Structures are given as structure tokens and as C-alpha cells.
Amino acid sequence: MGNASGWSGQAPADARKGPAAAGTVAGAARRACEDAVGMPPSVPARAESALAGPVLAWYDREARELPWREPGAGAWAVLVSEIMLQQTPVNRVLPAYAAWLARWPTPAALAAAAPGDAVRMWGRLGYPRRALRLHECARQLVARHDGIVPDDVDALLALPGIGAYTARAVAAFAYRQRHPVVDTNVRRVVARAVLGRGDPGPPATTRDLAAVEALLPADAERSARFGVALMELGALVCVARTPRCGSCPVAADCAWLAAGSPAYEGPTVRPQRFVGTDRQVRGLLLGVLRDARHPVGKAALDVVWTDDVQRERSLDSLVADGLVDPLPDGTYALPS
DNA sequence: TATACGTGGTG
DNA sequence: TCACCAAGTAT
């Protein structure tokens with residue numbers, strides 16, 4: 001099928017910088033006023049996406065209460081939550097997030113810890129390299145940003161573990177800036193509601209960002225709220241397997257529903273096996289070190305996997321990643 | 001652009 | 001049971 005993975009091409013446009021960027025101050029004030037009164041804009045600079053109003057109203061009613069959305073959550077807390085939420089479900093992040101911030105409430109606190117402590121604290125969230133990157137991120141925040149999470153997308157992108165999604169998520173959710181925040185939920189919602197496709201297909205960052213940018217409300221605060229609302233809709237209603245279209249606030253405007261919910265026909269990303277892969281072996285190896293309070297001998301690692309070649313390869317890769325520290329006496333430990 | 005990278009819940 | 005799925009990033 002033609003153009004299967006592509007969202008409609010939009011002019012490449014990222015967000016303006018800062019809260020004052022949403023048109024004129026007077027314009028923002030007028031919109032805010034109209035929002036409060038519930039009146040349509042008298043002289044709209046450009047029509048707001050039909051999605052925004054219903055999605056925002058739905059979010060006000062149905063949003064989950066999550067700790068990183070509390071008003072008191074600072075940029076560091078938001079950043080920690082975003083890193084943990086990369087490919088890990090909310091329910092498993094919740095306890096880890098609380099414990100992490102209790103122990104390291106600031107970037108400086110984490111920066112002062114050993115990287116191995118971060119890896120151990122990460123527990124079984126998965127993808128432990130994230131713990132290492134978050135630790136290194138904290139050190140860079142201290143070294144280059146006075147221990148403060150920057151509010152600039154480009155500065156955020158320069159930090160380890162922070163990519164296109166996380167940089168904008170932090171700028172939008174922690175600093176209330178106007179940026180397209182595009183995660184898998186948003187990609188799916190837009191693919192369905194706007195493009196009429198059941199599945200967003202493979203990601204294409206530049207195009208995806210532009211497509212969502214085109215939907216953003218002009219006002220920065222409203223835009224930031226719209227971003228999290230779109231994600232929430234994708235997480236609770238417009239889910240991958242069995243979407244609950246019956247309770248969707250934009251069902252009436254959904255292009256996919258209107259088209260009869262056609263099945264996806266585009267290219268699919270074949271999920272790779274886990275059992276038997278190096279990833280599984282790495283997980284087993286690291287689990288031994290995570291649960292050990294002291295360095296362990298090679299024998300303790302050897303028992304987790306019988307295939308010597310694969311086990312050694314996996315151990316080597318953990319060392320190469322900085323996740324495991326081979327000590328001079330032949331034992332192994334989490335990095336100190 | 002495609003692939004590697006953990007872990008556990010779910011239909 | 002097992003394939004799919006979960007707020008991605010780095011290479």
C-alpha cells in the first residue's frame with residue numbers, strides 16, 4: 001500500500017519557545033477568557049483542531065491521578081517519571097517512582113550516588129541502561145545546568161536517555177510549553193481519529209511531530225494539557241488491541257470509525273522473541289548482581305545460563321554498557 | 001531505517 | 001499457551 005507509514009506531510013514545525021509564544025499576549029488572554037466563558041472565539045486566528053475541545057473535556061473528567069501530574073511535581077520528578085515510563089507500564093512504575101524520588105529528590109542527590117546504586121534501585125523495571133543514563137543525566141545536570149532540569153528542548157535533547165519524546169514531554173508537562181508530545185499512544189490516536197488508519201505504522205519522528213504540531217491549540221498551557229490528554233486517551237480508550245470506541249469523546253469525529261474501522265494493512269514491525277535471546281541472558285546475569293550485596297564470583301554468574309558462548313557474550317555486553325564492573329580479583333559487581 | 005535493549009501483565 | 005503490548009533511545 002502506498003505511503004503506508006506516513007502521516008500527512010506537514011510543514012516541519014516544532015513549537016515556539018516559551019509560554020509567550022502562543023500568538024500575542026492579548027490573543028492568549030482573549031482565548032483564555034473565552035475558554036472560561038465557554039464561548040467560541042469571535043475572531044479565531046485559525047480554527048482549533050476539532051479534537052482539542054472534546055479530548056480536553058474528557059481528560060478533565062477521566063484522567064487518572066498520577067503523582068507526576070500533581071502540581072507539586074517538579075521538573076526532576078517529571079523527568080524521572082518519563083524515563084521510567086519508557087516502555088514500562090504505569091502500574092509498575094508507580095512504586096519505583098516513589099522510592100526513587102524519596103531517595104534522590106534532586107539531580108544532585110542522584111549524581112552523588114554510585115551508578116550501581118541507580119541500577120539496583122531500578123529494580124525490575126526493565127531496560128536497566130535507562131538507570132545508567134538517568135544517573136549520567138543527573139551528573140550532567142549538576143555539571144552543566146546548576147543541578148536544574150533545563151526548560152529548553154534542545155538542551156534536554158543533549159542529555160543522555162532523553163530523546164524526541166522525553167525532551168518535549170518534560171518541556172510541555174513540567175514547564176507548560178507548547179510542543180508536540182508524540183508517544184505511541186498519540187501516534188495511535190492520531191492515526192485513527194485523523195487519518196482513518198487502525199495503526200500508525202512505523203514511527204517517523206519528523207513527520208509524526210509535524211502531524212501533532214498541526215493539532216496543537218495555540219495557547220501554551222492548553223496545548224500542554226492537550227498533549228497529556230491525547231496520551232491519556234490512547235492509554236485508556238483508544239488502546240491498541242480493543243479500543244473502547246463506545247466511550248470515546250471523539251468517536252463522532254473519528255476518521256477510522258467513520259471508515260468502518262478498517263484493519264491495518266501496512267508494514268508491521270515483527271516483535272522479536274525474548275526467550276533465548278541475549279536480552280534474557282543479560283537480565284538473568286544482572287539480576288544476580290542486583291540481588292547481591294557484594295561482588296560475586298564468576299561461578300555465581302555461570303549458573304544462570306548453560307550456553308557458554310551466549311553467556312560470555314552477554315556478560316561482555318553488560319560490561320561494555322557499563323552495567324557490570326569486572327573487578328581485578330575476578331569477581332563482578334554493579335558499577336561503583 | 002532497522003535493530004537491540006527487560007520485564008511482566010493480559011486476552 | 002503464547003503473541004501482543006507498555007509514556008523510547010541509541011546506534
Side-chain angles (χ1 to χ4, degrees), chain A residues 4-6 63-64 66-69 73 77-97 119 122-134 136-137 156-174 179-189 199-209 212 224 227-236 238-243 264 267-290 304 313-314 317-318 320-323:
Chain A
S5 66
R64 292 166 293 181
L66 298 172
W68 44 86
R69 292 179 186 164
V78 170
L79 174 53
V80 169
S81 77
E82 292 300 342
I83 301 290
M84 287 186 168
L85 287 163
Q86 290 168 5
Q87 302 287 280
T88 302
V90 167
N91 286 336
R92 259 199 294 153
V93 165
L94 250 13
Y97 166 86
V119 172
W122 197 253
R124 305 183 65 78
L125 285 182
Y127 295 145
R129 292 189 295 191
R130 288 182 293 165
L132 227 40
R133 293 187 184 128
L134 182 52
E136 177 56 25
C137 177
L156 287 162
L157 282 171
L159 267 4
I162 298 185
Y165 162 77
T166 305
R168 290 173 180 79
V170 170
F173 303 153
H179 296 285
V181 180
V182 185
D183 73 335
T184 186
N185 288 308
V186 171
R187 280 167 30 74
R188 189 173 54 248
V189 171
D199 185 295
T205 304
T206 303
R207 275 199 316 249
D208 295 351
L209 284 172
V212 175
V228 70
L230 225 38
M231 289 173 60
E232 190 76 338
L233 187 65
L236 299 182
C238 196
V239 296
R241 202 130 34 154
T242 51
Y264 177 66
T268 86
V269 278
R270 256 204 51 153
Q272 66 170 128
R273 277 289 156 304
F274 172 67
V275 175
T277 63
D278 288 7
R279 290 160 80 178
Q280 182 183 23
V281 182
R282 283 167 55 105
L284 292 170
L285 254 14
L286 198 62
V288 171
L289 297 177
R290 196 167 48 221
V304 306
R313 182 177 66 228
S314 299
S317 73
L318 285 170
D321 285 349
L323 249 9

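It should be emphasised that the depicted structure is a prediction, and the values quoted were computed from it without experimental measurement.
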Please report the distance separating the [atom1] of [N] from the corresponding atom of [M], rounded so that it comes out in whole Å.
{"N": "dG6(B)", "M": "dT1(C)", "atom1": "P", "result": "26 Å"}
{"N": "dC2(C)", "M": "dC5(B)", "atom1": "P", "result": "23 Å"}
{"N": "dG8(C)", "M": "dT1(B)", "atom1": "C1'", "result": "16 Å"}
{"N": "dA2(B)", "M": "dA7(C)", "atom1": "C1'", "result": "22 Å"}

So which heavy atom on [X] is nearest to which on [Y], and how close?
{"X": "Pro202(A)", "Y": "Tyr264(A)", "result": "CD-OH, 3.9 Å"}
{"X": "Ala96(A)", "Y": "Leu125(A)", "result": "CB-CD1, 3.8 Å"}
{"X": "Arg188(A)", "Y": "Ala240(A)", "result": "NE-N, 3.4 Å"}
{"X": "Ala164(A)", "Y": "Thr205(A)", "result": "CB-CG2, 3.8 Å"}
{"X": "Leu318(A)", "Y": "Leu285(A)", "result": "CD1-CB, 3.7 Å"}
{"X": "Phe173(A)", "Y": "Ala224(A)", "result": "CE2-O, 3.6 Å"}

Next item on the list: Report yes if at least one side-chain N or O of Arg124(A) is closer than 4.0 Å to OP1 or OP2 of dG8(B); otherwise report no.
Entry: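 Answer yes for this pair, as a side-chain N or O of Arg124(A) is under 4.0 Å from OP1 or OP2.
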Notebook entry, point to check: Do the side-chain N or O atoms of Arg313(A) get closer than 4.0 angstrom to the phosphate oxygens (OP1, OP2) of dA4(B)?
Noted result: no
Applying a 4.0 Å non-hydrogen cut-off, can you work out what [X] is touching in the nucleic acid: base, sugar-phosphate, or nothing?
{"X": "Arg282(A)", "value": "sugar-phosphate"}
{"X": "Gly163(A)", "value": "sugar-phosphate"}
{"X": "Trp68(A)", "value": "base"}
{"X": "Leu132(A)", "value": "nothing"}
{"X": "Leu125(A)", "value": "base"}
{"X": "Thr166(A)", "value": "sugar-phosphate"}
{"X": "Ala169(A)", "value": "nothing"}
{"X": "Ser317(A)", "value": "nothing"}
{"X": "Val181(A)", "value": "nothing"}
{"X": "Pro160(A)", "value": "sugar-phosphate"}

Given atom [atom1] of [X] and atom [atom2] of [N], what is their separation to the nearest angstrom?
{"X": "Arg279(A)", "N": "dG8(B)", "atom1": "CZ", "atom2": "C1'", "answer": "13 Å"}
{"X": "Arg92(A)", "N": "dT10(B)", "atom1": "CZ", "atom2": "P", "answer": "11 Å"}
{"X": "Leu284(A)", "N": "dC5(B)", "atom1": "CG", "atom2": "P", "answer": "14 Å"}
{"X": "Gln87(A)", "N": "dA4(B)", "atom1": "CD", "atom2": "C1'", "answer": "12 Å"}
{"X": "Phe274(A)", "N": "dG8(B)", "atom1": "CZ", "atom2": "C1'", "answer": "10 Å"}
{"X": "Gln280(A)", "N": "dG8(B)", "atom1": "CD", "atom2": "P", "answer": "11 Å"}
{"X": "Leu85(A)", "N": "dG9(B)", "atom1": "CG", "atom2": "C1'", "answer": "16 Å"}
{"X": "Arg130(A)", "N": "dA4(B)", "atom1": "CZ", "atom2": "P", "answer": "18 Å"}

Next item on the list: Answer yes if the side chains of Glu82(A) and Tyr165(A) hold a donor-acceptor pair under 3.5 Å, and no otherwise.
Entry: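 Note: Glu82(A) and Tyr165(A) side chains meet the donor-acceptor criterion.
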Check: Which of these nucleotides, dG6(B), dT7(B), dT10(B), is closest to any side-chain atom of Arg290(A)?
Finding: dT7(B)
Next item on the list: Would you confirm whether Arg168(A), through its side chain, and His179(A), through its main-chain N or O, come within 3.5 Å as a donor-acceptor pair?
Entry: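 Side chain of Arg168(A) to backbone of His179(A), a donor-acceptor pair under 3.5 Å: no, none is there.
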Margin query: Both Val239(A) and Gly161(A) contact DNA chain C. Taking the nearest nucleotide for each, which residue is further toward the 5' end?
Written below: Val239(A)
Item checked: First of Leu159(A) and Pro89(A) reached from the 5' end of DNA chain C, by closest nucleotide ->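 That would be Pro89(A).
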Margin query: Any heavy-atom pair between the side chains of Arg124(A) and Arg92(A) that's under 4.5 Å?
Written below: no
Check: Reading DNA chain C 5' to 3', which nucleotide is the first, and which the last, to come under 4.0 Å of any heavy atom in chain A?
Finding: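 Under 4.0 Å from chain A, the extent on DNA chain C is dA3(C) to dA10(C).
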Note to self: Would the base of dG6(B) count as contacting Thr88(A) through its side chain, where contact means a donor and an acceptor less than 3.5 Å apart?
What the structure shows: yes
Item checked: 5' priority, DNA chain B, between Thr205(A) and Asp278(A) [closest heavy atom] -> Thr205(A)
